[in-house]
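In what follows, chains carry the letters A, B, and so on, assigned in the order in which the sequence lines appear, proteins first and then strands, with residues in each chain numbered from 1. Not measured: the values here are computed from a predicted model.
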Amino acid sequence: ETGVTQSPTHLIKTRGQQVTLRCSSQSGHNTVSWYQQALGQGPQFIFQYYREEENGRGNFPPRFSGLQFPNYSSELNVNALELDDSALYLCASSLPNLEQYFGPGTRLTVT
Amino acid sequence: DQQVKQNSPSLSVQEGRISILNCDYTNSMFDYFLWYKKYPAEGPTFLISISSIKDKNEDGRFTVFLNKSAKHLSLHIVPSQPGDSAVYFCAASALRETSGSRLTFGEGTQLTVNP
């Protein structure tokens, strides 16, 4: 059974640029959630996708957007990057309303 | 508004003793609670969960206790081992919500188990 994978591992971008982060869900899981973890804080919910539809969104601006594909993999897109977007971005997969299993994360640095 | 709070940023215990990690929440809609462990450069790993219809759940060395009236939960690790040294996150979810099973996390507690 393959776990949750994310790519890339690390990324450095310049303020104002756009970034796409990718996540492959664990086999059999149809729900993907994205979280942002700033240094010294707990992960914060960005949004969740269930069967290719957004299924809940946290307190993040519209420049954070996502997609889920038929194979349940997912992308997180962030436009007009700001310095405060520097964080660890975590993807988690699950079956609906059950335990979420996290990938290793993508460390994004915005300079 | 911090709906899930872990008031102790760090905890140090001796190998073989009990580790007790605490978590408080404010949102009465939360009905499902989880603990995750996180090592550096890895994602959080699910440890144990508890539904609001229970007050205790055990899995090996790990036991979670839920006190709904106090809006408090705790994770007990007995006996503690050096490999348990990690950051522990408490998380909560309101499964009755229609907006999906989003997790609300606390800030984490760094547990250090000394040999």
Side-chain angles (χ1 to χ4, degrees), chain A residues 3-10 21 23-26 29-60 64 66 68 74 87-107, chain B residues 1-10 21-25 27 29-53 57 59 62 64 86-110:
Chain A
V4 180
T5 61
Q6 292 185 244
S7 63
T9 307
H10 296 90
L21 310 182
C23 171
S24 291
S25 60
Q26 186 166 313
H29 287 179
N30 56 16
T31 302
V32 172
S33 305
W34 286 92
Y35 294 82
Q36 179 196 65
Q37 186 181 11
L39 205 58
Q41 297 182 21
Q44 289 207 8
F45 177 76
I46 303 174
F47 43 56
Q48 183 180 87
Y49 280 83
Y50 170 63
R51 292 188 174 180
E52 302 178 60
E53 296 285 332
E54 188 178 289
N55 185 38
R57 188 178 181 92
N59 190 25
F60 281 81
F64 285 78
Q68 188 180 31
S74 177
L88 180 68
Y89 288 85
L90 294 162
C91 165
S93 76
S94 66
L95 292 172
N97 294 340
L98 291 179
E99 294 80 21
Q100 296 183 20
Y101 293 85
F102 285 82
T106 294
R107 172 71 61 187
Chain B
D1 174 27
Q2 188 70 26
Q3 296 186 61
V4 177
K5 206 152 176 55
Q6 296 175 254
N7 288 314
S8 299
S10 63
L21 297 105
N22 293 303
C23 177
D24 297 294
Y25 63 95
N27 188 341
M29 294 297 292
F30 288 148
D31 55 8
Y32 191 63
F33 303 89
L34 308 90
W35 284 93
Y36 284 85
K37 176 172 73 173
K38 188 178 186 300
Y39 294 118
E42 294 184 14
T45 302
F46 169 72
L47 271 179
I48 191 168
S49 62
I50 188 167
S51 162
S52 60
I53 62 173
N57 189 26
D59 184 1
F62 302 92
V64 56
V87 177
Y88 287 77
F89 289 101
C90 167
S93 178
L95 294 186
R96 289 186 295 268
E97 276 189 8
T98 58
S99 58
S101 53
R102 66 177 67 186
L103 295 178
T104 301
F105 282 85
E107 309 94 321
T109 296
Q110 172 69 58

A.B. asks: Taking every heavy-atom pair that is under 4.5 Å apart, which of Pro43(A), Pro104(A), Gly105(A), Gly42(A) has the most such pairs with chain B?
C.D. replies: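 Among Pro43(A), Pro104(A), Gly105(A), Gly42(A), the one with the most close pairs to chain B is Pro43(A).
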A.B. asks: Measuring from Ile46(A):CD1 to Arg102(B):CZ, what's the distance to the nearest 0.5 Å?
C.D. replies: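 Between atom CD1 of Ile46(A) and atom CZ of Arg102(B) there are 12.0 Å.
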A.B. asks: Between OG of Ser49(B) and CD of Gln100(A), what distance do you get to the nearest 0.5 Å?
C.D. replies: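 Output value for this atom pair is 11.5 Å.
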A.B. asks: Can you tell me how far the CD atom of Glu99(A) sits from the CG atom of Leu47(B), to the nearest 0.5 Å?
C.D. replies: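 The CG atom of Leu47(B) is 11.5 Å from CD of Glu99(A), to the nearest 0.5 Å.
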A.B. asks: Look at Val4(B), Leu34(B), Leu103(B), Thr45(B) and state which one has the largest set of heavy-atom pairs under 4.5 Å with chain A.
C.D. replies: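 Winner by heavy-atom pair count: Leu103(B).
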A.B. asks: At a heavy-atom separation under 4.5 Å, does Phe47(A) approach chain B through its side chain, its backbone, both, or neither?
C.D. replies: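 Neither part; nothing is under 4.5 Å.
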A.B. asks: In Å, rounded to the nearest 0.5 Å, how long is the span from OH of Tyr36(B) to CZ of Phe102(A)?
C.D. replies: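 That separation rounds to 5.0 Å.
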A.B. asks: Do you know which two heavy atoms are closest between Lys38(B) and Gln37(A), and how far apart they sit?
C.D. replies: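 Residues Lys38(B) and Gln37(A), closest heavy atoms: CE-OE1, 3.5 Å.
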A.B. asks: Could you work out, with ring-ring contact (aromatic ring centres under 6.0 Å, His included) as the rule, every residue matching Phe89(B), not counting sequence neighbours?
C.D. replies: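 Partners of Phe89(B) under the ring-ring contact (aromatic ring centres under 6.0 Å, His included) test: none.
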A.B. asks: Compare every heavy atom of Leu90(A) with every heavy atom of Gly43(B), then report the nearest pair and how far apart it is.
C.D. replies: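 Closest approach of Gly43(B) to Leu90(A): CA-CD2, 4.1 Å.
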A.B. asks: What residues, two or more places apart in sequence or in another chain, satisfy salt bridge (Lys or Arg N to Asp or Glu O under 4.0 Å) together with Glu52(A)?
C.D. replies: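 Residues passing salt bridge (Lys or Arg N to Asp or Glu O under 4.0 Å) with Glu52(A): none at all.
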